[in-house]
Each structure stands twice: as C-alpha cells, then as structure tokens.
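Both counts, for ligands and for their atoms, begin at 1 and track the order of listing. Computed from heavy atoms alone, side chains included, the values below leave out hydrogens, waters and symmetry copies.
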Amino acid sequence: MPESQITKNTIFVVAGASGDLAKKLVYPAFFSLFHRGYLPQPTYIVGYARSIIDHETFLNQVTENIPKPADDPTFPAKLERFKAILSYQAGSYDDPAKFQELNIYLESLESNYSGSERNRIFYLALPSTAFVQVAENLKKNVYTSHGTNRLIVEKPIGSDLESALELVHAISQYWTEDETFRIDHYLGKEIIKAIPVLRFANSVTSGFWDSKLISNVQITLNESFGTEGRGGYYDTAGVIRDVIQNHLCQVFSLLAMERPSQLNPTEIINEKVKLLQATQPVNPENVLLGQYIGYLDDPGVPKDSLTATYAANVLLINNDRWYGVPFILRSGKALNETLVEVRIQYKDAPGSLFGNNPRSELIMRIQPNEAISIKLNIKSPGFDSGVVPAELKLNYKAAFPDVFIPGAYEVLIRDVLNGDHATFVRNDELEAAWKIFTPILHYIDGKTNDPRPVPTKYEFGSQGPPELAEFLAAFDATRV
Ligand code: NDP
Ligand code: BG6
C-alpha cells in the first residue's frame with residue numbers, strides 16, 4: 001500500500017455543505033463509496049457552511065440526490081448506516097473562532113478512534129471567492145498534526161492566467177502542492193481515464209497517432225439543456241471558462257501528450273505540461289462563438305449579455321507529431337443532444353480506387369453510454385461490390401455487464417484517499433492551460449479589442465451556430 005494512502009480514522013469536512021455541488025455530486029459519491037466499502041474505517045463526514053440548519057434538514061439535503069434503487073431491499077438500511085456518519089456545523093468563512101469551534105467538534109469525533117492516527121480531508125465546495133480565506137482558516141485552526149491533511153479545491157481556479165496564478169499562490173501559502181488536489185471531474189470519467197491505455201498499450205493505435213495519418217481531432221461536449229438558473233455564474237464565465245479551458249483541455253492533453261517514461265503522476269503530468277506548452281494560444285480567427293436564443297431570459301443574465309454559450313476553438317501544436325493537425329474543442333448548451341465524445345478523423349485513403357469514401361474514424365464516446373468504436377470502409381456485403389462504412393464498436397455496458405463503472409466524483413474522492421495526483425490538476429499544468437486560452441478570453445471580453453465580438457444566435461435544440469459546418473470544413477473536419 002502506498003505510504004500516502006489513507007485507510008482509517010478520517011474526517012471529510014465539506015465547506016459549502018449547503019450548496020448545489022455538494023448536494024448533487026459530492027454526497028451521492030460519498031454514499032456510493034461508503035456502501036461499497038471504499039471509505040476509511042471509520043469515516044465521518046462533517047458539513048460546514050453559514051446556513052443555520054438542523055441535523056434532520058442536513059440529512060435530507062445529503063440524501064435527496066442519492067439514487068434510490070427500487071430493486072434493492074437493503075437500500076434503506078444502507079442509507080441509515082450512512083446517515084450515522086453525517087453531521088453539520090454552521091459557521092462563517094472568515095471568523096477564526098468558528099473554525100476553532102469546528103476543530104473542537106472534530107476532536108470530539110476523533111476521540112472515538114482507536115489508535116492515534118487522525119486524518120482530515122477538506123473539500124472546498126464553495127464559490128472560488130471564498131477559497132483563500134477558508135483555506136487559510138482551515139490551515140491555521142483545523143489542521144491536524146496527528147495524521148494526513150488534504151485540501152480538495154473545485155474549479156474554476158481563476159478567470160485568466162493572472163487571477164489563476166494569484167489564487168494558486170494565495171492557497172500555496174497555507175497548503176503544499178502535495179496536500180492540494182485541484183479537481184477537474186472530467187479526469188475521473190471512465191473513457192477519459194482509458195485514453196492512455198488505449199494509446200500506449202496498443203501498437204495498432206500508437207502507430208496511427210500523428211499528422212501523417214490524422215486529419216483532425218474533434219473533442220465535443222454538447223448539452224441539450226440551457227443554463228437553468230445558473231445564469232448568474234455562467235454569464236461571468238461563458239463556455240470557454242466553464243468547460244473548454246478545463247474539461248476539454250484535459251482530454252486534449254491526454255490525447256496529444258507523448259508517452260510518459262513511467263506510469264506515475266509526476267511523469268504523466270510532466271508530459272501533459274510539455275504538450276500544453278507546445279500548444280499555440282488560440283487565434284481569434286480560429287474561433288466560432290454562439291449564444292442560444294432564450295439565454296437572455298435566464299433571470300441571472302443581463303439582457304444585453306454577449307456571453308458565448310457555444311464555442312468551437314482550434315488548438316494547434318508546435319511539435320513534430322502534431323504539426324498542422326487541428327484539434328477542434330467545441331461545446332455548447334441548449335443543443336439538440338447531450339453527448340461528449342472524441343472523434344479522430346483519419347486522412348482519406350490515398351488514390352481513389354473505390355471512389356470517394358467516408359474517412360476512417362476512431363471514436364471515444366465519453367457519455368452517455370461509454371463506448372469505443374472504429375469506423376472503416378468495407379465491401380458492401382453480398383453480391384454488391386460497392387463500399388459502405390461500418391462501425392466496430394465496443395459498448396462498455398454490453399461488454400462488461402457486471403462491472404460497476406463509478407462516477408467521476410467517486411473516482412476522484414478515492415484518488416484523494418490514495419494520494420494519487422495523476423487525476424488532479426498540477427499548478428504548472430493549470431498555468432500552461434490558461435496561457436493557451438487567456439488571449440482569446442481577453443479578446444472576447446473586449447480587453448484587447450473593441451468592439452467585443454458578438455456571438456451568433458442559435459436556436460434552442462439546434463446543432464449550434466449555423467456557420468458550424470463551414471467552420472469545421474475550413475479545418476477539413478466533418479460535422480457529426
Ligand atoms: P453554490 O453557489 O451553491 O455555493 C455553495 C455554498 O457556498 C452555498 O450553499 C453557500 O453556503 C456558500 N456561498 C454561496 N455564495 C457565497 C459567497 N459569495 N461567499 C461565500 N459563500 C458563499 O455553489 P456550487 O455548490 O454550485 O459550487 C461550488 C463550487 O463547485 C464552485 O467553485 C463551483 O464553480 C464548483 N462546481 C460546481 C458545479 C455544480 O454543478 N454546481 C460543477 C462543477 C464545479 P452558505 O451560504 O450556507 O455558507
Ligand atoms: C461543469 C460545468 O463543470 O461541467 C457545467 O460547470 C457542465 O456547466 C458540467 O454542465 C458538465 O459536466 P458533466 O459531467 O455533466 O458532463
């Protein structure tokens with residue numbers, strides 16, 4: 001067992017316990033890990049936030065989004081066992097005295113432990129404006145000297161390069177890089193975790209992974225819903241800060257990095273950083289922006305907002321492997337489908353022996369319904385001698401029906417317990433990613449040009465801005 005693995009006597013403190021992220025994603029992940037036996041023995045989960053709520057209300061908030069399977073008669077008992085490890089403390093984020101009270105409360109829970117080891121994991125499920133004061137107060141008042149302390153930090157980390165560096169620096173005054181786990185939940189998704197294996201454990205893929213054969217790579221995150229009450233936050237972010245600079249950029253770096261010399265977090269992240277450093281900042285000419293019709297009706301959104309709810313950005317890499325291959329990162333809200341996928345489009349087969357055939361593709365479907373498939377041209381079956389495209393598909397649910405595929409937050413909380421940094425964002429990685437996107441963000445925000453670009457309107461439920469097909473065609477990419 002790695003020395004950094006936490007297996008017993010642990011308290012998770014969720015700061016921002018009354019919030020949307022905690023309720024929707026963090027508590028259900030804790031429940032899943034708890035009843036599968038993946039949490040240390042014993043574990044306590046303590047919610048901390050300003051809201052004054054009683055124990056029952058907190059229990060209801062924690063359990064309201066836990067899926068309740070109708071076919072599991074043991075579920076009510078599991079839920080009761082889980083409730084027994086939950087409690088809530090109200091307190092402000094800036095008053096050291098409240099954190100000292102929290103510390104005393106944690107010590108009272110720890111007095112039940114056998115042995116002297118005491119581990120504390122602090123989850124900042126808070127708006128980033130509160131990160132630094134909470135990180136400071138936790139370090140000064142709630143840090144244990146009897147075991148391991150870890151700090152989980154949510155996105156967004158900054159809104160551009162400068163603010164990100166400031167935030168990283170401010171937190172690093174209290175928490176070491178080794179103690180800090182910056183979440184990008186896309187790194188916990190099954191197919192994204194599978195990318196290095198697919199690439200480096202198969203010569204059939206690793207040999208076909210460069211500009212000689214690949215025409216373009218499309219990384220797509222489409223959502224069929226709008227901002228749905230998150231307009232206040234979303235309008236200050238826009239789609240590039242919300243999902244492209246982080247989630248899609250992570251997928252990009254795993255797809256394009258060189259082979260790490262060893263499978264450890266340092267070597268893997270070193271390769272990602274080198275790749276990001278070789279990537280050119282996004283050129284405004286290589287960006288398409290859109291805003292869905294109806295976005296301005298979200299109560300949190302100003303009526304004249306120019307925030308993009310859709311963007312396609314082309315990333316170009318200055319290295320031998322990828323020179324000239326466009327990586328098209330695109331995402332939008334209020335589209336015709338919810339789909340996250342990677343699509344690697346190979347160049348057309350040389351010559352035209354069989355006429356103009358669709359190009360071959362390698363497709364990784366991240367969600368829904370994880371799958372990996374290859375599209376090839378085959379002879380039309382039967383007497384016909386024509387050519388038809390066909391798909392060789394590995395559908396995870398069909399291929400591994402009995403395997404539990406954990407959700408991203410389950411994976412990442414477990415990785416924090418294991419002290420595995422490979423699925424978290426290192427400070428230099430964050431910096432390199434912001435360097436790629438900060439110039440285009442400043443351009444879009446009107447800091448480096450006037451007037452601000454106006455995103456094209458698109459219909460709710462459509463495929464995005466009408467110019468999308470033309471935009472993709474300019475990079476030799478087919479719309480799918
Ligand atoms: P919320 O707006 O729900 O905030 C969480 C809690 O923080 C609130 O319940 C509130 O608790 C407290 N809070 C709210 N506003 C402030 C403020 N201005 N200053 C101090 N405390 C405040 O946020 P989310 O739960 O949605 O998100 C938390 C973090 O996770 C954010 O960094 C977000 O970007 C990130 N995130 C969220 C996702 C989601 O789906 N919601 C997805 C991915 C990341 P109280 O008033 O009780 O103290
Ligand atoms: C979050 C964004 O980080 O990621 C949301 O803030 C987006 O706007 C979400 O919907 C997408 O995550 P997932 O796991 O639902 O694809």
Enquirer: Give me the residue, atom name and distance of the protein heavy atom closest to atom 12 (O) of ligand 2.
Expert: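 Here the closest protein heavy atom is H185 NE2, 3.1 Å.
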
Enquirer: Can you tell me how far the CG atom of N395 sits from the CD1 atom of I372, to the nearest 0.5 Å?
Expert: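 If we round to the nearest 0.5 Å, N395:CG and I372:CD1 are 10.5 Å apart.
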
Enquirer: Hey, which atoms in ligand 2 end up nearer than 4.0 Å to a heavy atom of H247?
Expert: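 Heavy-atom distances to H247 below 4.0 Å select 1 (C), 3 (O), 4 (O).
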
Enquirer: Would you check, one step at a time, whether the test side chain to side chain donor-acceptor pair (under 3.5 Å) holds for D94 with Q133?
Expert: CA-CA 6 Å; D94 55 0; Q133 57 185 351; 5.6 Å; no

Enquirer: Run the numbers on D184 and Q250 for side chain to side chain donor-acceptor pair (under 3.5 Å), then give the verdict.
Expert: CA-CA 8 Å; D184 183 312; Q250 284 292 342; 4.8 Å; no

Enquirer: For atom 15 (O) of ligand 2, which protein heavy atom lies nearest, and how many Å away is it?
Expert: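 For atom 15 (O) of ligand 2, the nearest protein heavy atom comes out as Q367 NE2, 4.1 Å.
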
Enquirer: With heavy-atom distances below 4.0 Å as the criterion, list the atoms of ligand 1 near K155.
Expert: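 The list of qualifying atoms is 31 (C), 32 (O), 33 (C), 34 (O), 35 (C), 44 (C).
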
Enquirer: Please state which protein non-hydrogen atom is closest to atom 8 (O) of ligand 2 and give its distance, to 0.1 Å?
Expert: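 So the nearest neighbour among protein heavy atoms is D242 OD2, 2.6 Å.
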
Enquirer: Of the protein's non-hydrogen atoms, which lies at the shortest distance from atom 5 (C) of ligand 2, and what is that distance?
Expert: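 Nearest neighbour among protein heavy atoms for atom 5 (C) of ligand 2, to 0.1 Å: R230 NH1, 3.3 Å.
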
Enquirer: What's the separation between atom CG in N246 and atom NZ in K155, rounded to the nearest 0.5 Å?
Expert: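 N246 atom CG to K155 atom NZ measures 5.0 Å (nearest 0.5 Å).
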
Enquirer: Heavy-atom distance to atom 11 (C) of ligand 2: which of E228, K155, K189, E223 wins?
Expert: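 Looking at heavy atoms only, the winner is E223.
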
Enquirer: State whether Y186 and K189 meet the cation-pi test: NZ (Lys) or CZ (Arg) under 6.0 Å from the six-membered ring centroid, and within 45° of the perpendicular axis.
Expert: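 Yes, cation above the ring, under 6.0 Å and within 45°.
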
Enquirer: Any heavy-atom pair between the side chains of S87 and Y44 that's under 4.5 Å?
Expert: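 A side-chain contact under 4.5 Å is absent here.
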
Enquirer: Using heavy-atom distances, let me know which of G16, S18, A49 sits nearest atom 11 (O) of ligand 1.
Expert: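 When every heavy atom of G16, S18, A49 is considered, S18 comes closest to atom 11 (O) of ligand 1.
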
Enquirer: Could you tell me whether atom 23 (O) of ligand 1 has at least one protein heavy atom nearer than 4.0 Å?
Expert: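 Protein heavy atom within 4.0 Å of atom 23 (O) of ligand 1: absent.
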
Enquirer: Would you verify whether the NZ or CZ of R241 falls within 45 degrees of the ring axis of F437 while also being under 6.0 Å from that six-membered ring's centre?
Expert: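 No.
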
Enquirer: Output the list of atoms in ligand 2 that are nearer than 4.0 Å to some heavy atom of K333, sorted by atom number.
Expert: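 Reading through ligand 2 atom by atom, the close ones are 5 (C), 7 (C), 8 (O), 10 (O).
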
Enquirer: Where on E154 is there a heavy atom closer than 4.0 Å to ligand 1, on the side chain, on the backbone, on both, or on neither?
Expert: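 For E154, only side-chain atoms sit under 4.0 Å from ligand 1.
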
Enquirer: Determine the sole option in E429, E154, E177 for which the salt bridge (Lys or Arg N to Asp or Glu O under 4.0 Å) test with R182 is passed.
Expert: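 Of the listed residues E429, E154, E177, the salt bridge (Lys or Arg N to Asp or Glu O under 4.0 Å) partner of R182 is E177.
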
Enquirer: Could you give the distance from CD1 (I11) to OH (Y105), rounded to the nearest 0.5 Å?
Expert: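 OH of Y105 is found 8.0 Å from CD1 of I11.
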
Enquirer: If the cut-off is 4.0 Å to any non-hydrogen atom of P156, which atoms of ligand 1 fall inside it?
Expert: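 The atoms of ligand 1 under 4.0 Å from a heavy atom of P156 are 32 (O), 34 (O).
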
Enquirer: In this structure, does ligand 2 have an atom that sits under 4.0 Å from one of the heavy atoms of Y186?
Expert: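 The answer is yes, since Y186 has a heavy atom less than 4.0 Å from ligand 2.
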
Enquirer: Side chain, backbone, both or neither: which part of Y233 comes within less than 4.0 Å of ligand 1 when only heavy atoms are counted?
Expert: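 Answer for Y233: neither.
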
Enquirer: Under 4.0 Å, heavy atoms only, figure out whether ligand 1 is touched by the backbone of S51, its side chain, both or neither.
Expert: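 Answer for S51: both.
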
